Amino acid sequence: MADRVKKVRYCYVTVPNRSGRGAEVLATLKDAGVNLQAFSGFPVKGGKSQLDLIVDRTGPVSRLARRHGWKLSKVKRGFLIQGKDQVGAGHRHIARLADHKINVIAADAVAAGQGRFGMILWVKPGDYNRAAKALRAR
């Protein structure tokens, strides 16, 4: 089975870096029926955390952000990669970008069980189209 590389849109919400804040955001999304393709959260400066929300449609997230007073970023782009979990599963995609002189600014990967893996990749906006071509993203 060949890996699937998908172009994705995402936005992020910045919340106080406090216990339960991520759970509140995720519960609000769940209750509104927003299906996350991927999620990544990490601390940023100023006692805040950034929650990246990779979704099919960003409109519902924007509406929830307004309703709940979340500080939401503009819509951004990245790549979601899914495939067979094997040695070097993530390496081949990062190496392909390196071969094209494209810097990966961030990546998260995980073994998803049952022989599958998933990865999210971010590149600079100016490199996005070249990266999509190099990765053969759809």
Side-chain angles (χ1 to χ4, degrees):
M1 160 169 75
D3 292 347
R4 178 177 172 213
V5 182
K6 182 178 177 184
K7 298 175 188 176
V8 292
R9 295 163 45 97
Y10 77 97
C11 51
Y12 64 83
V13 62
T14 305
V15 297
N17 189 358
R18 305 248 186 317
S19 177
R21 292 308 305 262
E24 289 172 10
V25 170
L26 292 174
T28 300
L29 294 167
K30 176 186 70 84
D31 292 345
V34 174
N35 185 37
L36 294 174
Q37 294 179 32
F39 165 79
S40 179
F42 50 91
V44 293
K45 62 184 172 184
K48 304 280 185 185
S49 288
Q50 178 176 316
L51 309 178
D52 290 349
L53 309 170
I54 296 91
V55 293
D56 284 328
R57 296 179 7 247
T58 57
V61 177
S62 296
R63 287 189 289 281
L64 287 171
R66 282 192 300 277
R67 188 176 315 140
H68 293 277
W70 299 343
K71 183 178 178 181
L72 192 68
S73 73
K74 65 180 182 175
V75 175
K76 298 176 176 276
R77 301 180 297 177
F79 300 98
L80 176 64
I81 303 169
Q82 299 167 307
K84 183 179 178 184
D85 185 17
Q86 55 191 349
V87 173
H91 169 261
R92 67 179 157 266
H93 301 287
I94 292 177
R96 186 173 291 142
L97 293 174
D99 290 345
H100 286 84
K101 307 273 190 267
I102 299 169
N103 187 43
V104 174
I105 58 172
D108 290 321
V110 63
Q114 298 181 342
R116 300 171 299 130
F117 91 102
M119 179 166 44
I120 315 166
L121 283 178
W122 293 269
V123 299
K124 290 181 181 177
D127 291 335
Y128 186 80
N129 291 332
R130 286 188 324 118
K133 186 175 179 180
L135 293 168
R136 299 182 199 105
R138 304 277 176 242

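All values derive from a computational prediction rather than experimental measurement.
In terms of hydrophobic clustering, with Ile, Leu, Val, Met, Phe, Trp and Tyr side chains grouped at heavy-atom distances under 4.5 Å, Val15 and Leu64 are assigned to a common cluster. Residues Val55 and Ile120 fall into different hydrophobic clusters, defined by Ile, Leu, Val, Met, Phe, Trp and Tyr side chains chained together at heavy-atom separations under 4.5 Å. When the side chains of ILVMFWY residues are joined at heavy-atom separations under 4.5 Å, either directly or via intervening members, Val61 and Phe39 end up in a single hydrophobic cluster. A continuous path of hydrophobic side-chain contacts links Leu26 to Val13 [ILVMFWY only; heavy atoms under 4.5 Å]. Transitive grouping of hydrophobic side chains (ILVMFWY, heavy atoms separated by less than 4.5 Å) brings Leu135 and Phe117 into a common cluster.
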Please output the side-chain donor-acceptor pairs of residues 86-110 that fall under 3.5 Å, not counting sequence neighbours, one pair per line with the distance.
| from | atom 1 | to | atom 2 | distance (Å) |
| --- | --- | --- | --- | --- |
| Arg92 | NE | Asp3 | OD2 | 3.0 |
| Arg92 | NH2 | Asp3 | OD1 | 3.3 |
| Arg92 | NH2 | Asp3 | OD2 | 2.8 |
| His93 | NE2 | Asp3 | OD2 | 2.7 |
| His100 | ND1 | Arg96 | O | 2.9 |
| Asp108 | OD2 | Ser40 | OG | 2.8 |

Without placing hydrogens or testing angles, list every side-chain donor-acceptor pair under 3.5 Å for residues 67-83, not counting sequence neighbours.
| from | atom 1 | to | atom 2 | distance (Å) |
| --- | --- | --- | --- | --- |
| Ser73 | OG | Tyr12 | N | 2.9 |

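For the pair Asp52/Trp122, a side-chain contact is recorded, criterion being any heavy-atom separation below 4.5 Å from C-beta on. No side-chain heavy atom of Val34 sits less than 4.5 Å from a side-chain heavy atom of Leu53.
Around CZ of Arg130, the count of heavy atoms belonging to other residues, nucleotides or ligands within 6.0 Å exceeds 12.
Taking CG of Asp85 as the start and CZ of Arg116 as the end, the distance is 10.0 Å to the nearest 0.5 Å. Rounding to the nearest 0.5 Å gives a distance of 12.5 Å between OH of Tyr10 and CG of Leu51. Interatomic distance, Lys6 NZ to Arg138 CZ, rounded to the nearest 0.5 Å: 13.5 Å. With values rounded to the nearest 0.5 angstrom, Ile54 atom CD1 is found 13.0 Å from Arg9 atom CZ. Between Asn35 atom CG and Arg57 atom CZ the span is 10.5 Å, to the nearest 0.5 Å.
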